[in-house]
Amino acid sequence: MTDTLSFNQEISNLLYAAEGEPLQTCIQCGTCSGTCPVAPFMDYSPRQIIALINAGNKEAVLESNTFWYCASCYHCTVRCPQEINITELMYALKRYSIWKSQHQEGLIGPTFSEAFVKMIVRGGRSFEPILAPSYIFSFNLRELLTEVTGATELLLKGRLPILPARIKRLENFKRMIGRIIPMGGLE
Amino acid sequence: MKEYAYFPGCSLEKMAVSYHQSTLETTKKLGIKLKELEDWNCCGATTYFYIDELLAYTLCARNLAIAEKTGLDVVAPCSACYKNMFFTAAHLKTDADLAEHVNFALEEDNLQYNGGVNVKHLIEVFAHDLTPEEIKSKVTHPLEGVRVAPYYGCQIVRPQKGKEDVEQPQFFEGILEAIGATPVNYPLKMRCCGGSLIISSRTAALTMVRNLLKSAVDSQAQVIATACPMCQVNLEVYQQQVNLEFGTDFNFPVMYFTQLIGLAFGIPPKKLGIGKEFVAVLPSLVPAGKK
Amino acid sequence: MSDKPETKQFEPTIIGFTCNWCSYRAADMAGTARMKYAPNVRLIRLMCSGRLDPMFVFKAFAGGADAVLISGCHPGDCHYINQNYKAMRRFQLMKRVLAQLGIEPARLKLLWASAAEGAIFASEITKFVEEVRALGPLNFNATGFENQPKVEHKEVPA
Amino acid sequence: MEKKEKIGVYVCHCGTNIAGVVNVGEVSTWAAENLKDQGVVIARDYKFMCSSLGQELIQKDIKELGLTRVVVAACSPHLHEATFRNACKGADLNPYLCELVSIREQSSWVHTDKVAATEKAKALISGGVSRVVHHEALEPLHVPIHPATLVVGGGIAGIQAAIEIADAGFQVYLVEREPSIGGHMAQFDKTFTTLDCSACILTPKMVQAGNHPNITLLTYSEVEKVDGYVGNFVVSIRKRARSVNEKDCTGCGICWEKCPKKVVDNVYEVGMGTRKAVYVPFPQAVPKYPVIDRENCTYYIKGTCKACEKFCPTNAINFAQEDEILNIEVGNVILATGYDAFDAHRITQYGYGRLANVFTSLEFERLSNAAGPTGGNIVMRDGKTTPKVVGIVHCVGSRDKNYNEYCSAICCMQSLKFAHLVHERTGAEVYNFYIDIRTPAKGYEEFYHRLLEEGTHFVRGKVAEISDAVRLPGEEGKLIIQVEDTLTGNQLRVPVDMAILSAGLEPRADAKEVAKKFGISCSADGWLIERHPKLDPVSTVTEGIYIAGCVQGPKDIPASVVQGAAAAARILGKIQQKEVLLEPVRASVNQDQCSGCRICNNVCPFNAILFHEDTMVSEVNPALCQGCGTCVAACPAGAISGTGFSNLQILSQIDGLLMLNIPRKEAVV
């Protein structure tokens, strides 16, 4: 049965059950896209993404930057007249994209997310200096430099830690995560 | 005396240490005891949910389980931490299946979560658990004539958590009025700052920051007050980047609401972490401080 | 039973009482809207849930029903002003009596459904059937109490 | 049993509605074989039992086989019970000896498992057969119908209904809460699509209703209590004190001219204008008598003033007047209480109440009305500036699960009308922001095309927000409407001078109480429910209570008028019949068994049970009894029985329903 799932169903299954209304109830009114502060930067507006999902156009959805540009501000979600949780949909698309290892080339989001989660899995807390170089190195020099300028100043103001933060019961913590996902996947 | 379990979150350890300091100082003055959670872990911001939903809920549940042992409501000063913990708690309460999976993982750290924790944002403690009179009674240096733009950002009120107004809430204004400041009508107060995009989608985030700063300037505010470390860093630290990108000349102070309360309470600026900011805050507050 | 196909799961028989004005019309509405629910409930139409004589409920259990559903208009919406409140009180009493007879009180359900609530009517029936299925067949027969396990007589708080 | 009944069982296919799921052949064969002991002598199945051929089948069997009871397994008794009873009656069998078993609504339509549905159908028929044995031959109760009618609500639907009935020669009481009839239509400027002036077409009807010898106008009045049943309702009406003697007042207007107290008019002028403390809501008001608004009148607040009294040429002012309670008898009732406009404050992101130049549709109606506060000048909130760009927002409070899920039906046309008026009177650029344009009536689509030709901009997208957050050049001092143009996928910021929110329609705030008062039901969102959504749209499940206009759901003026007239026609038909037949479902006390405990006296909600002190027994008054059966269930002596729903009937039905289960039970034990 699993191989007969449509793209729409696959995505719906990735939504938490309480997130309510399935995507096919979308009336394409555009409230989400009119509200979204990032919409002008997206390849497709959130409304168009829902239309593409409902049309089964998986390639166009996965190759778009839309869900990686979602700022998780939930403004669309509180306004949607059909009570679709669009923000959770964007999360689901990110998970789907990472799961299928398919995303638009040149996006920072996917690599950054993995780096960030790996860091937390290793230490239990987030630590900005480790983080910044580990993802920025693979991108362009200009962004690295601007980031470093800011970082140096933060460091001088005492707002960046020198050593990575770790929680005390780290071994338990790692085993706990092991019960959810295979550690090999993220370590 | 009011007592809460306190989940500072990673940002408050260093990046937003002044938020942490001012929170501790102001609550102490108000007779509120904050008990930091023992060995808490990162809430994952929004990023956990990009990778694995169950993992995200489990990591938040670990903090909730630790908080449950204290028997207190847990308070988070960061909006992202608050939103994650709030919805994790809500889902674990209604979804027995999810709770079972999560508790299975928590066993490894000898923890169990039974659904008994209320999650609050720090600003809710000031806005709802304290009366304006309680705040007013500690004010020694009212911020008279200081025009403050209250910046709610996104995740304090969104998605909807109770019956509160998600479009035009007024509780932040209430706190500012209690310390004598003038809250300005500021049309973008509910707009997202793009905090979670600053690394991954830089131009988009900087545009959002610029729009917010312009709106604050247009409303003739002197300072933006925030209740979230992500918003503060984004709006303040990235002002230079905004100026570079758009040729603007913003030099606009962005402070934590607890710092403003601290100043009104007459707490020495240094104790409130003032001095660690990129844009000097004191000049605009000097007239108020002297009164 | 010979004329039924071999079923893996227990199919309870439930007798349902509805009033003529709200809950029977909710059943009608579930029908007109083609909402699907479990086929285990057989309905009896009364004019009002206030007409429900407790005798009917005990008779149903004695006759082989595994559970009984009582449904009426929402409190405050009774076609006869407030007779459904009487049904509500009788319902509480009947649950106590059932407990004393050694029948799980959960086998008796009260459901308010307005004429517009076909969907609620349907989903509540399916839910109730599941609950009764979990309880298993009613181990009680019409010939008397001889075969019954000894019932501990517990004081039921008023 | 002394006498063996002869029962016929008829299983309907209802085309494939039943036969598609329930094996009807198997069911009828089973009934013929297994229900013999109960008295079944014949069981048949037929394609459409309700057709004339189906009914003849029953009648033939009654005559030829001497059937004494009939069970029809078909649809819900609420649909066809009357049909089959009449069929029995046609063959000289008492109609109450027929039982209808619902195997469509309760089996074939709600189950998918064919075996289970067939088994359930058998059980239901078995129950029906066991029950019908104990049916008694009954006669319906004949109740005379009072020829007067009560119409509640004096908007266009209520006015239309009242005039129709009155013209036919019967008495009508028209009750209206406000001081004048007219309703929302009296507030409008123009009506779509013909753009007739609303007052020009409404005023003559108001006058006609006001002057009609058969219409008793009760304005500034409300229904307090309703008793009785179809044909014989007794209604208490509170006629609030106007503080003006109607028989003396000439409506000359001197009182409101002289009254020194100005009050913001939140009803008729929706806060856009003022009236006096003594006032008629608008110049064409019917009746012409003013009312004194006691909450705002200086005399009632401070005890002095009385300017109106001093100047009144006919001494009609009466400060001491008190509310009056009128008790009237009517045979039928029409509820035409209308709608409330959606409160636009609730959508905070649209800025209504916060941003000055955001208007609601009713405000715009007053703004564009020549008799309104600006004399028909479409100007901004400052009262003088003509807008250069106007944005009209559709679907405000409609088609949105956060507010109302339904479509309000009138907003598209209303918005198009506004766009036309703005364009015509100001020459301003007009934007319509819509999700879908819905113009499904005569001439409506053509009106839309006219607007397209006029050059109105149509942007397909639900407006996300309206703000004063100015960002780009050219936006200073404007309202910014933020929306996605969903046809191009672009996020737009449209700067406008004025935004009009085309607010949807909502049930009256007290719709639920009104429904309860009249014994009918509301849907979950608060609209009153008609008996059948397609085939019986103006009557309700309570005999004698009819609904018309927006109280039943959002609709425009033509549709409201149609419903008012339809409800009137239905009632005129009833009045012509002079009497109504009622179900003989009544309780009665067997005086030999009555112990005189009086428990039944108190449970009866209609006070229909009398206690005879002399004989120490209770008796049911059949004229008051409504047949709920609560007393039957409550009687500890079993002395009360209810016709149609006796203990014997129900207990037998339980036996019948469970007949199939007994073998399984034995297997379990």
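Proteins get letters first, then strands, A, B, ... in listed order; numbering begins at 1 in each.
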Carboxylate-amine/guanidinium contact C/R45 D/E105, below 4.0 Å
no
Side chain / backbone / both / neither for D/V585 at chain C, heavy atoms under 4.5 Å:
side chain
What residue, out of D/G627, D/S523, D/A116, D/S107, has the most heavy-atom pairs lying under 4.5 Å from chain C?
D/G627
Note, D/D655 side chain near C/K59 side chain (heavy atom, < 4.5 Å)
yes
Please round to the nearest 0.5 Å and tell me the distance separating atom OG of D/S126 and atom CZ of C/R42.
8.5 Å
Tell me, out of D/G644, D/S108, D/P77, who's got the most heavy-atom pairs with chain C below 4.5 Å.
D/P77
Gap between atom CD1 of C/I15 and atom CG of D/L658 - 0.5 Å precision:
4.0 Å
Closest heavy-atom pair, D/H78 versus C/N20, reported as atoms and distance to 0.1 Å, is NE2-OD1, 2.8 Å
By a 4.5 Å heavy-atom criterion (distance strictly below it), what part of D/I529 contacts chain C: side chain, backbone, both, or neither?
side chain
Between C/R90 and D/T630, is there a side-chain heavy-atom distance shorter than 4.5 Å?
yes
First locate atom CG of C/L43, then atom CG of D/L124, and finally report the distance between them rounded to the nearest 0.5 Å.
7.5 Å
Greatest number of non-hydrogen atom pairs under 4.5 angstrom with chain C, of D/V603, D/L79, D/N17, falls to D/V603
With a 4.5 angstrom heavy-atom cut-off, could you sort out which part of C/T32 is near chain D: side chain, backbone, both or neither?
both
Is any side-chain heavy atom of C/I44 closer than 4.5 Å to a side-chain heavy atom of D/F645?
no
Nearest 0.5 Å, please: how far is CE in C/M35 from CH2 in D/W109?
12.5 Å
Residue from C/K86, C/M47, C/E117, C/R34 scoring the most non-hydrogen pairs under 4.5 Å with chain D is C/R34
Looking at CD1 of D/I654 and CZ of C/F61, how far apart are the two atoms once the value is rounded to the nearest 0.5 Å?
11.0 Å
Hey, is NZ on C/K127 packed in by over 12 heavy atoms from elsewhere, all under 6.0 Å?
no
Tell me, yes or no, whether the heavy-atom count around D/K516 atom NZ, taken from other residues, nucleotides or ligands under 6.0 Å, exceeds 12.
no
Which value, rounded to the nearest 0.5 Å, describes the distance between C/W21 atom CH2 and D/I520 atom CD1?
13.0 Å
What I'd like to find out is whether the side chain of D/H111 reaches to under 4.5 Å of the side chain of C/Y37, using heavy atoms alone.
yes
Quick check: do D/N647 and C/R51 have side-chain heavy atoms less than 4.5 Å from each other?
yes
For D/E405, is the CD atom crowded, meaning more than 12 foreign heavy atoms sit under 6.0 Å from it?
no
Considering only heavy atoms, which portion of D/A587 lies under 4.5 Å from any heavy atom of chain C: side chain, backbone, both, or neither?
neither
Could you have a look at C/N40, C/L46, C/N82 and say which one has the most heavy-atom pairs with chain D under 4.5 angstrom?
C/L46
Using a cut-off of under 4.5 Å for heavy-atom pairs, which of C/C73, C/P39, C/A87, C/A38 has the most such pairs with chain D?
C/P39
